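Here's the structure, in structure tokens; my notes come after.
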Amino acid sequence: MSMVLGMNLGKWFGRGIGSALTMAALMTACAPSEVEISLFQDVTPESGLRAQVGMTHGAAWGDFDSDGRPDLYVTNHLNPAALYRNLGGARFEEVTDRYFQPEQLKGDKHGAAWADFDNDGRPDLVQLTGAVQGMGAEPKRLFHNLGGRFEDVAEAAGVTNLEGRTRSPLWLDLDSDGKLDLFQGAEGRLDAKTPPFTFLQRGDRRFEAFAAAMAPAKRGAPFCVLTTLAADDKPAVVCRLMDPQAALQVFDVSSLPARTLDLLPQTAFEDIAPADFDNDGRMDLFMVRKLAPPALALGRPAADTVVASIAPGAAPAGAPLAFSFRASAPLKAVVATHGTAVTATPQHVFLGSQGRHPASLSFDLPADVGALPAAAPGAAPGVYIGFSPPDRWDVRVVPAPAKASPPLPKELQVKLSAPGPLAEVEVTGPSSDEAAPARLFMNRGGSFVEEGEKRGINRRAVAGMNVVAADFDNDMHVDLFVQASGDVGLQHNLLLLNDGSGSFRVVKDAGGATGGGGGVGDSVTTADVDGDGFIDLFTSSGGSMGRSLGLPSDAGHYRLYRNRGNGNHWVAIDLEGTRSNRDGIGAVVRLTAGGVTQMRVQGGGMHHRSQDHARLHFGLAKNTRIDKISVRWPSGQVQEVTGPAVDQVLRIQEPR
């Protein structure tokens with residue numbers, strides 16, 4: 001086996017023993033329910049990664065050049081995708097054009113995932129796409145890694161799935177033959193067609209659509225995660241379904257066809273993180289959730305800008321849809337439409353007391369535009385904007401009657417930018433918060449008990465969009481990081497540190513990765529980008545689904561947060577299957593050190609829209625000795641490694 005040594009960074013707070021008492025003693029200048037620790041540093045400017053990107057759709061980490069460092073692929077949704085090679089030291093170089101043909105990276109791109117599907121020792125990449133507004137056809141991509149370039153073999157492999165409205169992929173070995181199969185998570189088409197979800201690899205890099213292998217109960221199942229939920233370590237898959245009455249489905253995939261398991265209540269969620277949070281040898285499930293936005297939702301991409309997303313038909317009958325703010329004139333305004341058959345025109349916009357129309361949907365608002373008149377019954381449907389000196393702006397939306405002509409679009413977006421900061425931005429009329437309590441299901445021997453409130457995960461409720469679970473402080477207990485966002489704009493992210501018992505404390509300002517700036521929260525992924533043994537974060541904020549496609553997403557960006565580290569030890573594990581698939585996807589790994597046994601499942605790093613680096617990471621606190629590592633391979637073999645050194649990347653190869 002090969003070993004790659006890592007190097008620790010400076011110490012902070014000495015959280016090696018994971019003691020809640022030690023943590024409490026070190027808290028300063030923060031609320032009783034918060035811990036103040038500077039854990040992450042934004043290193044985006046010096047990383048070589050392009051920061052401002054507009055729309056995004058997740059990210060995928062994989063070591064495509066096999067140099068031991070995780071590389072980054074970002075899909076950029078409707079913009080060309082990009083591949084960044086890791087140069088070491090949290091520095092990256094864009095190498096897209098060296099490895100891909102430009103036309104292969106265009107289109108309506110969604111989730112992507114690295115995996116060595118043909119067991120040749122080189123990670124390959126699947127890129128899913130949409131289906132042209134839910135009713136057309138667009139090819140999916142399967143990029144075979146040839147060493148110096150990638151070749152799209154999706155058509156020859158039989159996974160092009162032209163009519164699939166696909167979202168997030170999942171690689172797994174469904175038939176236990178040592179070859180990875182492919183699940184293409186998808187939303188239901190807007191017509192009656194139901195393209196396949198599941199493709200079984202039959203040999204010679206060819207796949208066969210096999211609907212019964214793992215059949216979602218609904219036409220929409222955008223993503224699934226692979227874990228294990230039973231005491232026998234059999235693989236299980238948890239899928240999100242697109243149905244308010246049937247929000248999830250759990251599969252036992254230890255045999256074909258996969259069998260549905262009735263383990264969890266029908267709880268809606270945005271993303272899911274399986275982990276053994278209390279180190280009892282059983283995988284638990286953490287789910288982030290958010291509520292639907294109100295009829296009028298505001299986003300703040302910058303101090304001088306406000307974006308309003310408006311769904312007039314969703315407002316209670318007779319309810320005003322209006323907001324106001326204070327700012328110096330003149331303003332720049334843009335009105336846009338998304339996702340409706342009716343498109344906004346200048347005739348839908350009324351300016352000041354005279355109600356004049358702008359020449360286009362991108363226009364200036366001078367100080368003499370005039371104040372809005374009082375709301376009058378029977379006013380024409382549209383967007384009304386007025387100014388009252390010295391600095392008050394009012395925006396009002398009049399919904400359209402059922403048979404109005406011309407009709408008002410069902411969804412509108414209005415972007416207003418001032419020469420200086422906006423103040424006192426407030427909604428007039430009904431409003432609601434998109435934050436929703438998260439769910440934490442603790443595994444009690446195959447049955448699951450919801451213990452979210454008991455374990456402190458909702459001390460600060462957020463609108464959760466994406467979540468990762470990792471031992472960020474290397475204290476032997478798995479923590480949580482939630483990327484938060486409403487449909488129109490970012491909220492502050494949430495870092496929850498495990499206190500050692502499976503309960504959590506909120507970290508003030510997300511430990512330095514609070515987020516902020518423009519865009520709509522999309523994804524968060526993890527990787528040890530600099531090889532120091534501490535898990536770093538990568539976030540994207542160009543979320544562009546639902547009401548956020550358009551103006552709010554234009555301000556999307558990427559952020560790389562480097563973990564500052566501490567004095568705790570660690571070990572990371574790369575699995576290499578021989579009888580099993582080469583990536584070891586589906587393997588269960590247990591590590592014992594200092595009387596504590598930790599558990600990880602090799603799920604390929606997949607969660608909603610995103611792929612964490614699949615290398616398995618274990619924090620070791622102050623322990624300088626590992627007693628034992630046990631690997632249950634997908635083939636059924638159980639392998640033990642005793643006494644490996646700490647602070648290294650360890651490659652474990654399955655016995656032949």
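If you're wondering where the values come from, they're calculated on a predicted model, not measured in any experiment.
Across all non-hydrogen atoms, the minimal contact from V524 to V468 is O-CG1, 3.4 Å. Across all their heavy atoms, P257 and A212 have their closest contact at CB-O, 3.0 Å. Contact between V467 and D271 at its shortest, heavy atoms only, is N-OD2, 3.0 Å. Of all the heavy atoms in G603 and L170, the pair that sits closest is O-CD1, 4.2 Å. Taking every heavy atom of both residues into account, T228 and M283 meet most closely at O-CB, 3.1 Å. Of all the heavy atoms in H492 and T514, the pair that sits closest is CG-OG1, 3.2 Å.
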**OP:** Dump the intermediate steps for side-chain contact (heavy atoms from CB on, under 4.5 Å) on D175 and F210, then the final yes or no.
**Re:** CA-CA 11 Å; D175 51 2; F210 190 0; over 6 Å; no
Original post:
Given the rule in the side-chain contact (heavy atoms from CB on, under 4.5 Å) test, do V53 and N79 qualify, once you have shown the distances and angles that lead to the verdict?
Top reply: CA-CA 9 Å; V53 293; N79 299 314; over 6 Å; no
**OP:** Could you please spell out the steps behind the side-chain contact (heavy atoms from CB on, under 4.5 Å) verdict for W114 and D583?
**Re:** CA-CA 10 Å; W114 298 96; D583 290 341; over 6 Å; no
**OP:** Decide yes or no on side-chain contact (heavy atoms from CB on, under 4.5 Å) for T56 and V74, but give the supporting numbers first.
**Re:** CA-CA 8 Å; T56 62; V74 286; over 6 Å; no
Subject >> CA sep, side-chain torsions, deciding dist, call: R85, D65, salt bridge (Lys or Arg N to Asp or Glu O under 4.0 Å) >> reply: CA-CA 8 Å; R85 181 171 179 263; D65 54 1; 2.7 Å; yes
**OP:** Kindly indicate, with the supporting measurements, whether the criterion salt bridge (Lys or Arg N to Asp or Glu O under 4.0 Å) is fulfilled by R562 and D536.
**Re:** CA-CA 5 Å; R562 182 172 175 266; D536 309 300; 5.6 Å; no
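In this structure, the side chains of M606 and W171 stay at 4.5 Å or more apart for every pair of heavy atoms. Using a 4.5 Å cut-off on side-chain heavy atoms (C-beta onward), D42 and R559 make contact. Two residues are said to be in side-chain contact when any heavy atoms from C-beta on lie closer than 4.5 Å; E93 and R98 meet this criterion. Proximity of S610 to F223: side-chain heavy atoms (C-beta onward) are nowhere separated by under 4.5 Å. Side-chain contact between V307 and V414 is absent, with no heavy-atom pair separated by less than 4.5 Å. The shortest side-chain heavy-atom distance between F538 and V529 does not fall under the 4.5 Å cut-off. Within the 4.5 Å cutoff, the side chain of L162 has heavy atoms near those of the P139 side chain. With a 4.5 Å cut-off on side-chain heavy atoms, L226 and V237 count as touching.
Distance check: L494 CG to Q483 CD gives 11.5 Å after rounding to the nearest 0.5 Å. Going from atom CE of M214 over to atom CG of L172 covers 6.0 Å, rounded to the nearest 0.5 Å. With values rounded to the nearest 0.5 angstrom, I535 atom CD1 is found 11.0 Å from D479 atom CG. To the nearest 0.5 Å, atoms CG (L105) and CZ (F150) are separated by 10.5 Å. Note that CZ of R165 and CG of L128 are 14.0 Å apart. Values are rounded to the nearest 0.5 Å. Rounded to the nearest 0.5 Å, atoms CZ (F143) and CD (Q101) are 10.0 Å apart.
Side chain of T526 to backbone of D612: no donor-acceptor contact under 3.5 angstrom is found. A donor-acceptor distance shorter than 3.5 angstrom exists from the side chain of R189 to the backbone of E163, with no hydrogens or angles considered. T525 places no side-chain N or O within 3.5 Å of a backbone atom of Q611 that could act as its donor or acceptor partner. Looking only at distances, a side-chain donor or acceptor of N119 sits under 3.5 Å from a matching main-chain atom of R582. Side-chain atoms of N493 do not come within 3.5 Å of backbone N or O of A510 as any donor-acceptor pair. Side chain of D173 to main chain of G178: a donor-acceptor pair is present (N/O by atom type, distance under 3.5 Å, no hydrogens or angles). Between the side chain of T305 and the backbone N or O of S417, no donor-acceptor pair lies under 3.5 Å. A donor-acceptor contact shorter than 3.5 Å links the side chain of S485 to the backbone of G521. In this structure, the side chain of N86 engages the main chain of P70 through a donor-acceptor pair within 3.5 Å. Distance alone, capped at 3.5 Å, is enough to place a donor-acceptor pair between the N145 side chain and the P123 backbone.
Checked by atom type, the side-chain pair T260/Q249 shows a donor-acceptor distance below 3.5 Å. Checking H57 against N76 by side-chain atom types alone, no donor-acceptor pair falls below 3.5 Å. In this model, a donor atom of one side chain and an acceptor atom of the other lie less than 3.5 Å apart for S523 and S540. Between the side chains of H613 and D528, no donor-acceptor pair of N or O atoms lies under 3.5 Å.
Applying the salt bridge (charged side-chain N to carboxylate O under 4.0 Å, His left out) definition to pairs two or more places apart or across chains, those involving residues 129-146 are R141-D152. Residue pairs meeting the salt bridge (charged side-chain N to carboxylate O under 4.0 Å, His left out) criterion with at least one member in residues 122-136, sequence neighbours excluded: D120-R122. Annotation: disulfide bond (SG atoms under 2.5 Å apart) contacts involving residues 188-229, sequence neighbours excluded, comprise C224-C239. Annotation: salt bridge (charged side-chain N to carboxylate O under 4.0 Å, His left out) contacts involving residues 209-229, sequence neighbours excluded, comprise K218-D243. Legend: side-chain hydrogen bond (donor to acceptor under 3.5 Å, both in side chains) pairs involving residues 289-300, not counting sequence neighbours, sorted by first then second residue: K290-E434, K290-D487.
Heavy-atom contacts from other residues, nucleotides or ligands closer than 6.0 Å to CD of E155 number 12 or fewer. No more than 12 heavy atoms of other residues, nucleotides or ligands shown are found within 6.0 angstrom of CD on Q133.
Taking the six-membered ring where the residue is Trp, the centroids of F64 and Y73 are separated by 6.0 Å or more.
Of the options L142, V126, V159, a side chain to side chain contact (heavy atoms under 4.5 Å, CB included) to P169 is made by V126 and by none of the others.
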Going by atom type alone, with no hydrogens or angles, which donor-acceptor pairs under 3.5 Å involve a side-chain atom of residues 199-206 and a protein atom two or more places apart or on another chain?
unit_1, atom_1, unit_2, atom_2, d
Q201, NE2, F117, O, 3.1
Q201, NE2, L180, O, 2.6
R202, NE, E208, OE1, 3.0
R205, NE, D118, OD2, 2.8
R205, NE, H144, NE2, 3.4
R205, NH2, D118, OD2, 3.4
R206, NH1, A156, O, 3.0

